[in-house]
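Quick note: residue numbers are just sequence positions, from 1. On a predicted model such as this, the values are computed, not experimentally measured, just so you know.
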Amino acid sequence: MRVVAVILLLCASIAAEAMSHSFVCKASGRLGRPIRFEFYRDATTHPKTDIRSFTVSIRTADDRWRAMWSISSGHGLTQPIEYGVTPPGFITMVRPQKLIPGHVYAGHASDGKGGSSGVTFGFDTDGTMIFPDSVDQ
């Protein structure tokens with residue numbers, strides 16, 4: 001009976017890992033300077049370069065999300081994505097719009113294989129990037 005339980009537990013953990021394709025997205029920068037997005041397979045040790053699409057959206061007054069910039073069809077990132085700068089191999093789907101303080105934004109990336117990642121951010125009045133605990137802040 002113990003053997004069956006161990007086998008079931010092992011199968012469940014393998015299945016959970018196979019279904020989990022999330023990765024880490026880190027945002028940095030400040031208004032008036034480059035805003036960069038970096039992607040990692042885990043924590044911040046293994047860069048992820050197989051990003052296929054990336055979108056930055058703004059939280060609207062009616063609690064919806066509207067794309068501010070979107071790129072797709074990418075492959076083989078060699079450096080972080082900079083807001084508004086379409087990397088080689090990508091195409092612009094939504095032209096970049098100006099980011100302003102006092103709004104909540106979300107960056108969302110996909111690797112085209114079921115993996116995705118996101119980061120929620122905003123800017124203080126002095127342009128410092130902040131990371132709200134909730135999209136309603």
Side-chain angles (χ1 to χ4, degrees):
M1 194 59 145
R2 285 185 186 173
V3 172
V4 171
V6 169
I7 290 172
L8 287 174
L9 184 59
L10 182 60
C11 288
S13 68
I14 290 170
E17 186 171 331
M19 293 172 56
S20 175
H21 296 288
S22 64
F23 51 93
V24 177
C25 176
K26 301 261 184 182
S28 63
R30 63 181 300 126
L31 287 177
R33 296 188 185 155
I35 307 297
R36 292 190 176 92
F37 301 90
E38 298 177 83
F39 310 96
Y40 299 94
R41 296 187 189 291
D42 53 43
T44 58
T45 56
H46 299 98
K48 185 166 177 67
T49 60
D50 59 347
I51 303 302
R52 296 289 184 254
S53 66
F54 182 70
T55 301
V56 173
S57 300
I58 186 171
R59 179 78 168 194
T60 63
D62 60 355
D63 296 329
R64 296 176 186 240
W65 292 97
R66 180 176 50 85
M68 297 284 289
W69 181 54
S70 185
I71 55 176
S72 69
S73 300
H75 59 283
L77 281 178
T78 57
Q79 59 191 24
I81 291 177
E82 185 176 320
Y83 182 80
V85 178
T86 301
F90 283 77
I91 58 171
T92 301
M93 304 301 289
V94 175
R95 294 174 59 118
Q97 299 170 38
K98 185 178 179 180
L99 302 174
I100 54 177
H103 291 274
V104 176
Y105 299 95
H108 183 272
S110 172
D111 64 10
K113 298 178 278 189
S116 64
S117 182
V119 60
T120 303
F121 63 98
F123 300 96
D124 272 340
T125 54
D126 68 355
T128 302
M129 184 177 277
I130 58 171
F131 301 92
D133 294 328
S134 165
V135 296
D136 296 322
Q137 289 183 330

Applying the 4.5 Å side-chain criterion to the ILVMFWY set and letting contacts propagate, would [X] and [Y] be lumped into a single cluster?
X: Ile51; Y: Ile91; answer: no
X: Val94; Y: Val85; answer: no
X: Leu31; Y: Phe37; answer: yes
X: Phe54; Y: Ile58; answer: yes

Return the minimal non-hydrogen interatomic distance between [X] and [Y], and the atom names on each side.
X: Ile130; Y: Phe123; answer: CG1-N, 3.9 Å
X: Gln97; Y: Tyr83; answer: O-OH, 2.5 Å
X: Tyr105; Y: Lys98; answer: OH-O, 4.4 Å
X: Ser110; Y: Gly112; answer: OG-N, 3.2 Å
X: Trp65; Y: Arg59; answer: NE1-NH1, 3.2 Å
X: Phe121; Y: Met129; answer: CD1-CE, 4.0 Å

Please determine if Lys48 forms a cation-pi arrangement with Phe23, meaning its NZ or CZ atom is less than 6.0 Å from the six-membered ring centre and no more than 45° off the ring axis.
->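 Verdict for Phe23: a cation-pi partner in Lys48.
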Apply side chain to side chain contact (heavy atoms under 4.5 Å, CB included) to the pair Phe39 and Val24, showing each step before the final yes or no.
-> CA-CA 6 Å; Phe39 310 96; Val24 177; over 6 Å; no
Between the main-chain N or O of [Y] and the side-chain N or O of [X], is there a donor-acceptor pair closer than 3.5 Å?
X: Ser117; Y: Cys25; result: yes
X: Arg30; Y: Asp126; result: yes
X: Asp124; Y: Thr128; result: no
X: Ser70; Y: Thr55; result: no

Would you check if there is a donor-acceptor pair between the side chains of Thr86 and Thr92 at a distance under 3.5 Å?
-> yes
Donor + acceptor pair across side chains of Ser53, Ser72 (<3.5 Å) |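 Ser72 and Ser53 do not have a side-chain donor-acceptor pair below 3.5 Å.
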What is the distance from atom [atom1] of [X] to atom [atom2] of [Y], rounded to the nearest 0.5 Å?
X: Thr49; Y: Asp111; atom1: OG1; atom2: CG; answer: 10.5 Å
X: Ile71; Y: Arg95; atom1: CD1; atom2: CZ; answer: 14.5 Å
X: Glu82; Y: Ser28; atom1: CD; atom2: OG; answer: 10.0 Å
X: His108; Y: Thr120; atom1: NE2; atom2: OG1; answer: 10.5 Å

Considering only NZ, NE, NH1 and NH2 on the basic side and carboxylate oxygens on the acidic side, decide whether Asp50 and Lys113 come within less than 4.0 Å.
-> yes
